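No hydrogens, no waters, no symmetry mates; every other heavy atom, side chains included, goes into these values. All chains are named by letter (A, B, ...) in the order of the sequence lines, taking the proteins before the strands, and each is independently numbered beginning at 1. All of these numbers come straight from a predicted model, not from anything done at the bench.
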Number of protein chains: 2
Amino acid sequence: MSMSHGCRMGDVATTVQQDRPPTPGQEAGEEPCWPALSEAPLRRADAETLAGVLRAIADPARLQLISLIQAARGGEACVCDLVAPLGLSQPTVSHHLKVLLDAGLVTRSRRGSWAYYRLVPERLAALAQLLA
Amino acid sequence: MSMSHGCRMGDVATTVQQDRPPTPGQEAGEEPCWPALSEAPLRRADAETLAGVLRAIADPARLQLISLIQAARGGEACVCDLVAPLGLSQPTVSHHLKVLLDAGLVTRSRRGSWAYYRLVPERLAALAQLLA
DNA sequence: AGTCAGTATCGACAGATGTCGATGTCTCAC
DNA sequence: GTGAGACATCGACATCTGTCGATACTGACT
């Protein structure tokens, strides 16, 4: 009870994380859905969850990362392609990507020694719908 | 030049602020518009601007404030109505409201000794469109 | 005038966050 | 196996941020 909106929340920091390369068909099967901002008294716990995801994109470096990944060939980019445009150190870029990954906004797939990051558009769309 | 998107940015922290009560017809005349996230290489300055607005809503207390204001009678609420539901001190609530105000997400109008806050839906909508 | 209620600002503090260099881990090529 | 390259993690640091109590401000009502 008390969850009037018909979608499960949670898993802000414990999402996708598909590190296993042999399971590529797993996709983002969970519909990304949060309680709409307009649903009257937003409970504190829900607000924390939403804020967690929003905080992930409320950073200039991470916004640039999202922009760069989306504009990249095939909609994916490896870390090595992102370090130079951002003008930040490789560890810092890796850190930001992890934040986006934990928020479920990007997925990671390793090919060889490269790690390719890809957006999860449903997640972004859900966020957008939330504000509208 | 270099601003390919046809809308002006800036004024993240120096917006609306319509404190003058005798000018009520002034509304949010400025169309709230930012460079879409999909417009290829997001420049650092633009990313900072966007992050500034996003950071304003990336906080549980402020999300609850937005929710409460929207749900309030007449679409507006005074500080006294917001302190109790949030479970935070009055100065803290005032602080959060100022953050939202500086981001242009709410407006303030004083009537008597009360300060009524009201959402700027266009601003929220612009933010939503940005992610979609 | 004086008082009081509603808000805003100030100063201080603890905790979170962005950043880096150093180091660890993994994969491929030789 | 050795080495090199790509990436992640760790530890440390400076800065930002949320929170509060104390205080100042503002308008209304005696």
Asks: Main chain of A:V53, side chain of A:R123: is a donor-acceptor contact present, judged purely on distance under 3.5 Å?
Replies: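 Pair absent, no side-chain N/O of A:R123 close to backbone of A:V53.
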
Asks: Under 4.0 Å between any heavy atoms, over every strand shown, what does A:Y117 touch: base, sugar-phosphate, or nothing? Just pick one.
Replies: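 Counting heavy atoms under 4.0 Å across all strands, the contact made by A:Y117 is with sugar-phosphate only.
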
Asks: Less than 4.0 angstrom between a side-chain N/O of B:R110 and OP1 or OP2 of D:dT26, yes or no?
Replies: no

Asks: If you only use heavy atoms from C-beta on, which nucleotide in C:dG18, D:dG18, C:dA22 is closest to the side chain of A:R62?
Replies: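 The closest nucleotide is C:dG18.
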
Asks: Classify the side chain of A:Q90 versus the base of D:dA8 as yes if they form a donor-acceptor pair under 3.5 Å and no if they do not.
Replies: yes

Asks: Closest approach to the side chain of A:R55, judged atom by atom: which nucleotide of D:dT19, C:dT17, D:dT9 is it?
Replies: C:dT17

Asks: How is A:R111 classified with respect to the nucleic acid when contacts are heavy atoms under 4.0 Å: base, sugar-phosphate, or nothing?
Replies: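 Nothing, no heavy atom under 4.0 Å.
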
Asks: A:R108 side chain N/O closer than 4.0 Å to the phosphate oxygens (OP1, OP2) of D:dA8?
Replies: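 It does, given that an N or O in the side chain of A:R108 lies less than 4.0 Å from OP1 or OP2 of D:dA8.
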
Asks: B:K98 side chain: which of C:dT7, D:dG18, C:dT9 is closest?
Replies: C:dT9

Asks: Please tell me which of the listed nucleotides, D:dG5, D:dG21, D:dA8, lies nearest to the side chain of A:S113?
Replies: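 Of all the options, the side chain of A:S113 is nearest to D:dG5.
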
Asks: Do B:L119 and B:V79 share a hydrophobic cluster, counting only Ile, Leu, Val, Met, Phe, Trp and Tyr and linking them when any side-chain heavy atoms are less than 4.5 Å apart?
Replies: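 Yes; tracing contacts between hydrophobic side chains, which count when under 4.5 Å, links both residues.
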
Asks: What's the closest nucleotide to the B:T92 side chain, out of D:dT19, C:dC20, C:dT17?
Replies: D:dT19

Asks: So does A:R111 pair up with A:E76, basic N to acidic O under 4.0 Å?
Replies: yes

Asks: Testing B:R44, B:E48, B:R43 for side chain to side chain donor-acceptor pair (under 3.5 Å) with A:Q64, which one passes?
Replies: B:R44

Asks: Between A:E76 (CD) and D:dA6 (P), how many Å, whole number?
Replies: 17 Å

Asks: Would you mind reading off the distance between B:I57 atom CD1 and D:dG18 atom P, rounded to a whole angstrom?
Replies: 13 Å

Asks: Can you tell which of D:dC20, D:dG18, C:dT7 lies closest to the side chain of B:D59?
Replies: D:dG18

Asks: Could you give the CZ-to-P distance, from B:R44 to C:dT19, as a whole number of Å?
Replies: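 So the CZ-P distance, B:R44 to C:dT19, works out to 6 Å.
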
Asks: Hey, does the side chain of A:H96 come within less than 4.0 Å of C:dT19's phosphate (OP1/OP2), counting only N and O?
Replies: yes

Asks: Tell me, with the steps shown, if A:L88 and A:V83 meet side-chain contact (heavy atoms from CB on, under 4.5 Å).
Replies: CA-CA 6 Å; A:L88 295 174; A:V83 169; over 6 Å; no

Asks: Check every atom of D:dA6, D:dT19, C:dA8 against the side chain of B:V79 and return the nucleotide holding the closest atom.
Replies: C:dA8

Asks: For A:W114 and for A:L88, locate the closest nucleotide of DNA chain C by heavy-atom distance; then report the residue assigned to the nucleotide nearer the 5' terminus.
Replies: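 It is A:L88, whose closest nucleotide lies nearer the 5' terminus.
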
Asks: Rounded to whole Å, how long is the line connecting atom CG of A:L82 with atom P of D:dA8?
Replies: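 From A:L82 CG to D:dA8 P: 10 Å.
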
Asks: From the options D:dT19, C:dT19, C:dT9, select the nucleotide whose nearest atom is closest to the side chain of B:P91.
Replies: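 Shortest atom-to-atom distance from the side chain points to C:dT9.
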
Asks: Separation of B:L54 atom CG from D:dT17 atom P, in whole Å?
Replies: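 These atoms are roughly 14 Å apart.
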
Asks: C:dG24 C1' sits how many Å from A:H95 NE2, rounded?
Replies: 19 Å

Asks: For the residue pair B:I57 and B:L105, what are the closest heavy atoms and their distance?
Replies: CG2-CD1, 3.3 Å

